[in-house]
Amino acid sequence: MRVTGCEVSLRCKNYGKGCTAMNKDDVLRAVRENDVQLVRFLYCDNVGVIRGKATHVHALASRMDSGIGLTVAMQSFATLEHIAPQGSFGPVGEIRLVPDPDTFVLLPYVPRCAAMLTDMVKLDRQPWEACPRSFLKRMVERARTEAGLTLQAAFENEFTLAIQNEESFQPLDKSLCFSSIGMDEAADYISDLIDALAQQNIQVEQYYAELGPGQQEMSISHADPLRAADNQLIFRDTARGVAKRHGLIASFAPKPFPMQAGNGCHIHFSAWDTAGEKNLFYDPHDPYLLSETAYHFIGGILTHLPALLALTTPSVNSYRRLQPRFWSSAFTCYGPDNREAAVRIVSGVWGQEPTSIHLELKSSDASQNPYIGLGGLIAAGLDGLAKRIHPGEPMLVDPATLSEAERVQRGVKRFPTTLEEAVDNLERDEVLCEAMGEVLAREYIAVKRADWADFEEQGEAFEIEHHFYRY
Ligand code: GLU
Ligand code: MG
């Protein structure tokens, strides 16, 4: 049954028009008026799984201040639900999950249940160094203070609708790319998903049936980076929760079926002045309408990409997706509307070029923790700005069609082909590790190394089974 009674805009009173933050009193009123029983305090861990604990409403007022306790071990948790052997956290020690009232949503797909996203806070009330959401906040602040930038971003999800039969997953349909047949097959589900997102103040922009069997693509409006990452958790949970009510499973696994198109989760982003009024990626005099700021930002991303991939395409299954000629991108290059390039210059909307010119990172999927992926992207871009790194000539063809010698000559590299290789690069990347901070970087790398060890010898079927269900 769908929650009604949320005609009041519960998440943000002026969504998209300069937000008025929800405060504690708004939350307490909303749970009372909607007869909520449980409020989930949610976070995203180092393997990109959304987890949390729920408080009964009777204790909500005090829990909003004191948080809910969580064992520190959860930030050393690997994909197969064990503590990473090289992780630092174990049975001793607690942090608190402290909710951000401005992220409050009534869950339209679970009766009498609401949720808030949380920060991880130490017992001394300081942000925990291993908290991904605090990492993104630091990068947003760094962009503002060091470069005079505010950013806008959106995660654009592709996902697979499937039916679970015993242990295997069958795609919902055999539909054709962008086809009406595919849109009809999924129409009832998609309509409920759009309603459920709207009730949580997430504005859908576009929808279509994508290339692979059962594959869907839905884009939502951009927002500041923190809200964009918060929205990504809400989007994933909602797509999944609504699917369950339809007897379906919505999987964001990067490569759910080895021979078919993968599920990307491209990051769209742009940089603005601190007032948020002027798009600093736009320059009318450039052939692609891109500013020097944008070129340097791309330069930073491409320079760090072999390591950044450990943050934006961070699961073992991610590397099955990142192959040439699958439009996922597989080489460190950029180009205008080039869907085989890691960074696509997105052509502007007619008549709205000054505000719509932006960039898209294609080497990104939804197995990432969006706070970590987006925080890493900002850190890489800012390094490009600080060092004035020029990205070279744009790629105007499919980079797979160039010879290896041509790619070397243009400084274009093939991506790492395994998670292990990307994590090795991350460990060597001082800029990204410094930005993450020692504790988060160390634990993140320990967890990824555990994942590689767990999956390396297991083969394709095991890998797909475990990623399909988790993401
Ligand atoms: N499915 C492709 C991917 O893995 C993206 C296709 C497209 O939208 O360009 O990223
Ligand atoms: Mg697509």
Side-chain angles (χ1 to χ4, degrees), residues 48 153-162 171-179 182-183 186 190 193 204-220 222 232 235-236 239 250-269 301 305 308-309 311-347 358-368 370 373-374 377 395-400 414-417 419 422 463-464 467-468 471:
F155 291 83
E156 176 193 85
N157 287 284
E158 295 171 336
F159 59 96
T160 301
L161 279 182
L172 177 69
D173 57 44
K174 298 192 169 116
S175 114
L176 317 168
C177 187
F178 305 150
S179 72
M183 294 198 245
I190 291 295
L193 175 58
V204 170
E205 290 292 337
Q206 287 184 35
Y207 159 72
Y208 40 91
E210 252 280 8
L211 172 62
Q215 199 183 48
Q216 317 294 320
E217 172 164 335
M218 191 175 276
S219 53
I220 61 172
H222 58 84
Q232 173 63 359
F235 186 94
R236 278 175 53 196
S251 176
F252 292 75
K255 197 76 166 175
F257 303 108
M259 302 316 290
Q260 303 287 346
N263 286 323
C265 174
H266 309 160
I267 305 179
H268 291 256
F269 60 99
I301 290 174
L305 199 55
L308 181 63
L309 291 172
L311 309 183
T312 59
T313 53
S315 61
V316 173
N317 190 235
S318 296
Y319 294 81
R320 210 175 280 285
R321 165 176 169 259
L322 293 175
Q323 294 173 35
R325 301 184 196 275
F326 275 89
W327 295 33
S328 60
S329 79
F331 298 95
T332 60
C333 60
Y334 77 103
D337 285 330
N338 187 337
R339 287 180 168 79
E340 282 287 355
V343 178
R344 169 184 163 218
I345 305 168
V346 182
S347 48
H358 71 278
L359 301 173
E360 175 185 22
L361 180 70
K362 302 227 10 153
S363 40
S364 172
D365 69 55
S367 65
Q368 75 187 283
L374 191 49
L377 180 152
M395 183 65 67
L396 303 179
V397 297
D398 177 350
R414 173 74 171 96
F415 291 168
T417 54
L419 175 62
E463 174 195 308
I464 287 173
H467 288 79
F468 205 107
Y471 295 108

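One-based numbering, in listed order, for ligands and for the atoms of each. Positions are given from 1 along the sequence.
- Considering backbone and side-chain N/O atoms, Ala261 never comes within less than 3.5 Å of an N/O atom of ligand 1.
- The shortest N/O to N/O separation between Arg321 and ligand 1 falls below 3.5 Å.
- Asp365 places a side-chain heavy atom less than 4.5 Å from the side chain of Pro314.
- In terms of polar-atom proximity, Lys362 is counted as a contact of ligand 1, with an N or O under 3.5 Å from an N or O of the ligand.
- Side-chain contact of Gln232 with Asn157: a donor-acceptor pair under 3.5 Å is present, judged by distance alone.
- Checked by atom type and distance alone, the side chain of Glu158 pairs as donor or acceptor with a backbone atom of Gly264 at under 3.5 Å.
- The closest non-hydrogen atom to atom 8 (O) of ligand 1, taken over Glu210, Glu340, Arg339, comes from Glu210.
- In the model, Ser315 has no side-chain atom that pairs as donor or acceptor with a side-chain atom of Asn317 under 3.5 Å.
- Against a heavy-atom cut-off of under 4.0 Å, Glu217 is close to the following atoms of ligand 1: 8 (O).
- A side-chain donor-acceptor contact under 3.5 Å links Asp173 to the backbone of Gly214.
- Of the possible polar contacts, none joining the Lys255 side chain to the Tyr319 backbone as a donor-acceptor pair under 3.5 Å is found.
- Below the 2.8 Å limit, the Mg ion (ligand 2) has as protein N, O or S neighbours Glu158 OE2, Glu210 OE2, Glu217 OE1.
- Using a 4.5 Å cut-off on side-chain heavy atoms (C-beta onward), Pro324 and Arg414 make contact.
- Using a 4.5 Å heavy-atom cutoff, the side chains of Gln216 and Tyr207 are in contact.
- Within the 4.5 Å cutoff, the side chain of His268 has heavy atoms near those of the Glu156 side chain.
- Where the criterion is an N or O separation shorter than 3.5 Å, residue side chain and backbone included, Glu158 meets it with respect to ligand 1.
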